[in-house]
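Below is one structure; the comments refer to it alone.
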Amino acid sequence: MGSSLMFTPSILFDGSPAQQETADPPAFFADLNLDQVIDALTAHKQEYNLTPFFYTPLHDAETIRYRQEVMQDMEDATLMAHIEAFAEHMIVVRRFLGLVEKLDSIYHKQGWLVEAVLVYCSAVADLARALEQTDLRSRGFLAFRRHVTSYAGSQDFQSLHAEALHVKGELSAIDYCVIIQEGKFRVRRYEGEIDYSVEVEYTFEKFKQGAVKDYRLRLSEGTGMSHIEAKILEFVARLFPTQFARLDRFCEQHSAFMDDALRRFDREIQFYVAYLNFAAGLKRKGLSFCYPRMNAASRAVHVADAFDAALALTLLPTQKPVVCNDFSLEGPERIIVISGPNQGGKTTFARMFGQVHYLASLGCPVPGQDAQLPLFDQIYTHFEQEEDIRTLRGKLQDDLARIHNILAVASPHSILILNELFASTALKDAVFLSKEIMLKVMELDLLCVWVTFIDELSALSEKTVSMVSAIVPDNPAVRTFKIVRRPADGLAYALSIAHKHRLTYQQIKERMRS
Amino acid sequence: MKVFLLYPDHDFDLEQELPSNHADLTQDLELNTLFNAMAGGDDYLFKAARHVVLCGTNDLEVIRYRQDILRDCLKHPDVIRRIYQIPIQAMEAKRGKWLGIFTSFPSGILTSALTMLEIYVDMLKTLKLLADAHADEFESSGFRRFFAMIRQELDDDYFALVDTHLKKLRFRGGVLVSAKLGRGNEGTSYVLRESDFEDRHWLERVFSRQSPSYSFTLHPRDDAGARALGDLRDRGLNLVANAVAQSADHIESFLRMLRQDLAFFVGCLNLAEHLAQLEEPIAFPQPAPCGQRTLSCLELYDVALALTMNRKAVGNDLSADGKDLVIVTGANQGGKSTFLRSIGLAQLMMQCGLFVPARSFSANLCRGVFTHYRREEDATMESGKFDEELGRMSVLIDAIAPDSLILFNESFAATNEREGSEIARQIVSALLEARVKVFFVTHMYEFARGFYAKAARTSLFLRAERLPDGRRTFQLRPGEPLETSYGADLYRQTFATDEVKSLSPHLESPAPAEQSRRPGALSDASA
């Protein structure tokens with residue numbers, strides 16, 4: 001039958017049916033641990049090949065809105081359940097069609113085609129019914145509902161369903177007998193012979209004591225047929241020619257029965273299902289997701305209670321809390337400079353910053369309570385490579401080359417995330433080089449997060465904002481993993497550590513007095 | 001078909017858990033001596049005796065039901081022993097032929113199960129013949145029902161039908177299987193159908209009908225095809241193989257149940273024969289309901305002691321109807337422990353349907369029999385021992401229910417008498433108020449005296465008898481608690497002349513000859 005309808009709406013793209021799909025992850029995926037997030041998210045949905053959707057950020061606010069609306073509709077648990085039920089049915093349909101491709105015996109192939117049609121028809125009918133009873137708001141779902149309703153109500157679909165039921169009903173009503181002897185068998189119609197097992201059971205029933213072992217073997221009910229079973233089926237077809245002739249006609253007419261728009265929907269909707277399932281797992285841990293306001297005109301950034309989604313995923317099975325952080329950039333502010341103790345959550349913060357922007361560009365809700373984010377054209381990252389066999393000099397050169405290349409192509413609408421640039425250079429060189437790069441970054445006027453041990457970078461101009469990893473004053477050894485907006489002040493930290501070890505000036509004097 | 005010889009309406013579960021205090025009961029009441037006498041060296045008889053005795057009932061009907069059956073057994077020991085052999089032979093035949101259902105193909109299961117079924121059916125035929133010959137000699141409702149059931153269910157027509165099936169199930173003429181088309185037109189719902197397999201020409205007749213049929217013969221070298229056909233045959237046989245195997249299992253469980261129930265009564269026969277040799281009396285007890293307080297007996301003796309000594313033991317007469325507290329004081333070595341044990345043993349034996357070791361015995365039933373004995377083997381310091389005693393008491397309090405019987409033997413004496421008495425007083429008072437029947441053997445004068453002073457009509461005080469010359473009769477007589485337990489007697493005996501020794505055995509070194517003459521001595525020495 002194929003798609004007889006002109007328009008095949010997409011639940012992912014607003015009126016732009018031909019959208020490119022990116023096969024490989026963006027360059028920054030590994031640095032931001034987004035690969036972990038997307039892999040986890042799509043792990044159980046391999047057959048839909050969803051990663052291209054997650055590898056392709058959107059750059060127009062309108063399509064992002066389009067997806068946010070669909071996602072918000074999908075947050076309704078009932079709708080989600082209907083969609084998942086539909087998806088499960090479609091998986092079965094594809095499995096059955098796979099059998100039709102693979103099998104040899106003609107009646108066997110035809111049998112599975114009928115099964116596929118039956119599952120498909122009830123899946124479509126169920127979905128149409130469910131959508132009619134759902135309060136939908138999104139443009140995407142409203143358009144899709146119009147399509148499904150008209151398709152499910154069409155003459156073609158109705159007769160497909162009815163014929164399949166009729167053919168199946170006739171086949172199910174067939175009873176036949178096989179007489180098995182050594183090396184031969186014979187097939188004929190069933191003629192009312194009594195169930196002999198019941199007879200035997202009845203004869204010995206009087207001895208029934210308590211429960212006894214069940215000797216029934218679970219003989220594999222797997223799909224497939226031996227050539228013996230195929231031969232039997234062939235004989236059965238000869239014994240019941242009318243029913244099998246009808247089956248034959250049905251299969252000839254309906255070999256391609258699936259609607260294109262539904263086939264497309266079945267795959268694309270899994271983008272939302274996968275993401276919402278992932279978010280639901282984190283929400284159960286008390287974390288929040290929100291729909292960011294995306295405005296092409298504004299460059300302001302406000303995010304409350306954001307977290308590193310990849311880290312949250314790994315902490316999911318543990319009791320450990322996930323630390324949330326706020327950040328905002330207003331007016332001329334463009335660059336967040338993060339300093340503070342190691343293991344204090346600086347890198348996590350930098351990743352989180354990139355993740356939030358990227359996930360927003362997919363049209364997804366982002367980790368956090370509330371978010372306003374600008375559109376961006378590209379994300380560039382530079383994270384220090386832990387294992388590096390190249391010489392110090394080579395690495396420095398490489399660092400410079402990479403940063404040079406990035407700055408050459410970046411635009412004011414790009415996002416730049418730098419993590420411990422020049423960490424393995426002499427401090428004096430590092431300070432000099434960092435300041436030079438910082439000047440260029442400020443000149444470009446792009447959004448930047450820069451994790452560094454060089455305090456001075458944080459106060460170079462009105463464009464920079466200083467954030468530091470927070471400590472508990474009484475016990476500086478405790479990591480809070482909180483990154484707060486505060487002037488970089490390495491001394492306060494150093495002093496509290498010293499206090500803890502009773503090495504402050506006063507302490508040392510007192511200790512030495514005694 | 002149900003055996004139902006231990007309960008009128010259900011099976012006894014030989015695998016049920018024993019009461020939580022079974023280890024203490026077994027130790028304190030010397031139960032293994034009783035079980036060994038019933039078992040006569042047979043492990044299975046031992047297990048059955050142990051379970052049935054320890055899992056007694058307080059249902060009057062059940063006790064009378066078992067007593068009647070036991071009376072029949074005592075009258076016809078030979079028939080009982082012959083029936084008991086039937087399940088044993090069945091099990092031996094199974095073991096001897098290495099039978100059992102181990103294969104994982106329906107056709108294999110069917111073959112093994114059929115062979116077993118044939119053996120069991122033979123055994124049932126033997127049982128039927130015994131029933132025909134002896135049913136009329138039995139009077140108890142239990143046996144009358146059992147034999148009537150055998151004769152009715154296993155009549156000649158039934159055996160003929162079974163034989164037909166056993167032949168048919170070999171499927172010499174082929175297997176007829178019906179099927180339906182399942183998903184993907186794959187065969188499903190395979191059901192074995194009956195055909196007239198006796199008739200050599202059944203196949204020809206089947207296909208001479210109007211119905212069209214198509215046949216296929218496998219190529220001789222088509223091994224895969226042969227396997228597939230075998231699989232199909234197995235699919236058809238799956239349910240019937242299960243039915244046959246389960247039928248074999250059911251008959252086997254029937255035979256096992258027969259063995260189990262009769263094992264108890266065979267144990268009773270063994271015990272009765274042993275006691276008869278010792279010329280000890282046995283009597284069927286008169287049980288009274290749980291709520292009542294009755295106990296009276298003539299010549300109640302300690303069956304464990306008699307069996308251990310292999311001779312007649314001294315019996316006690318007692319009349320303690322209406323009493324819920326019996327405190328036994330008196331002479332050391334005077335038979336107090338023996339008496340206490342005889343009470344516990346008789347109670348347990350009555351409650352499982354056994355006869356009791358007495359000329360006559362009547363008592364109310366109890367919800368449970370509990371013992372709290374001073375444990376001599378504990379080598380820890382006194383305070384630790386007292387702690388241990390109270391720990392055991394605490395466990396008992398968790399387990400004990402109203403209308404239970406508890407036997408204390410020298411309990412709470414592991415501290416000074418004043419403290420021990422006060423603890424004992426508080427525990428016993430609380431138990432009595434909870435309607436627990438208490439027997440307490442004690443040397444704690446203050447404790448015994450306190451209850452005596454209350455002069456409650458429901459209390460009875462017994463004293464181990466000591467003749468004026470210091471000799472013990474090993475009999476207990478009613479009497480108020482005395483402040484001395486005649487330890488001085490023992491002391492004197494220990495350091496006295498041989499002449500005194502010969503009158504009464506002493507604790508440290510009883511001579512074997514005297515041991516056998518004076519049962520009381522051994523009772524304490526073996527406790």
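In what follows, chains carry the letters A, B, and so on, assigned in the order in which the sequence lines appear, proteins first and then strands, with residues in each chain numbered from 1. Values below: every heavy atom of this structure, side chains too, minus hydrogens, waters and symmetry copies.
- Heavy-atom contacts from other residues, nucleotides or ligands closer than 6.0 Å to CZ of A:Arg267 number more than 12.
- A donor-acceptor contact closer than 3.5 angstrom is absent between the side chains of B:Asp13 and B:His51.
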- Query: Between A:Leu171 and B:Asn185, is a side chain to side chain contact (heavy atoms under 4.5 Å, CB included) present by the stated rule, with each step listed?
  - Reply: CA-CA 8 Å; A:Leu171 292 170; B:Asn185 283 339; 3.5 Å; yes

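- A salt bridge does not link B:Asp249 to A:Lys213: none of the charged side-chain nitrogens sits closer than 4.0 Å to a carboxylate oxygen.
- Counting heavy-atom pairs closer than 4.5 Å to chain A, the top-ranked of the candidates B:Leu169, B:Val244, B:Leu237 is B:Leu169.
- In this model, no donor atom of one side chain and acceptor atom of the other lie less than 3.5 Å apart for A:Arg188 and B:Tyr214.
- Considering only heavy-atom pairs separated by less than 4.5 Å from chain B, the leading option among A:Leu113, A:Ile228, A:Leu103 is A:Ile228.
- Put simply, of A:Val198, A:Asp214, A:Leu118, A:Val114, the one with the most heavy-atom pairs under 4.5 Å next to chain B is A:Asp214.
- In terms of non-hydrogen atom pairs under 4.5 Å with chain B, the most contact-rich of A:Val100, A:Ile174, A:Leu247 is A:Ile174.
- Interface remark: B:Val177 contributes backbone and side-chain atoms alike to the contact with chain A (heavy atom separation under 4.5 Å).
- Contacts of A:Lys231 with chain B are made by side-chain atoms alone, with heavy-atom separations under 4.5 Å and no backbone atom involved.
- With a 4.5 Å cut-off on non-hydrogen atoms, A:Phe185 touches chain B through its backbone and its side chain both.
- A tilted orientation is assigned to the rings of B:His165 and A:Tyr196, their planes being inclined by 30° to 60°.
- Proximity to chain B among residues 232-243 of chain A is limited to A:Ile232, A:Leu233, A:Phe235, A:Val236, A:Arg238, A:Leu239, judged by heavy-atom separations below 4.5 angstrom.
- With a threshold of 4.5 angstrom between heavy atoms, A:Ser197 approaches chain B through its backbone and through its side chain.
- In this structure, chain B has a heavy atom under 4.5 Å from the side chain of A:Lys168, while its backbone stays farther away.
- Ring-plane geometry between B:Phe143 and B:Phe147 is classed as parallel, the angle between the planes falling under 30 degrees on a 0 to 90 degree scale with a further cut at 60.
- Of the two parts of B:Leu117, only the side chain, counted from C-beta on, holds a non-hydrogen atom closer than 4.5 Å to a non-hydrogen atom of chain A.
- Residue B:Lys125 places its NZ atom among more than 12 non-hydrogen atoms of other residues, nucleotides or ligands, all under 6.0 Å distant.
- For an aromatic pair to be called close, the ring centres must be under 6.0 Å apart, and B:Phe254 with B:His250 fails this.
- Residues passing the side-chain contact (heavy atoms from CB on, under 4.5 Å) test with A:Glu201 are B:Ala243, sequence neighbours excluded.
- Heavy-atom distances place both the backbone and the side chain of B:Leu239 under 4.5 Å from chain A.
- Between A:Asp259 and A:His147, the side chains place a donor N or O and an acceptor N or O closer than 3.5 Å (distance only, hydrogens not considered).
- Separation of the B:His10 and B:Tyr7 ring centroids falls under the 6.0 Å cut-off.
- Contacts of B:Ala179 with chain A are made by both backbone and side-chain atoms, with heavy-atom separations under 4.5 Å.
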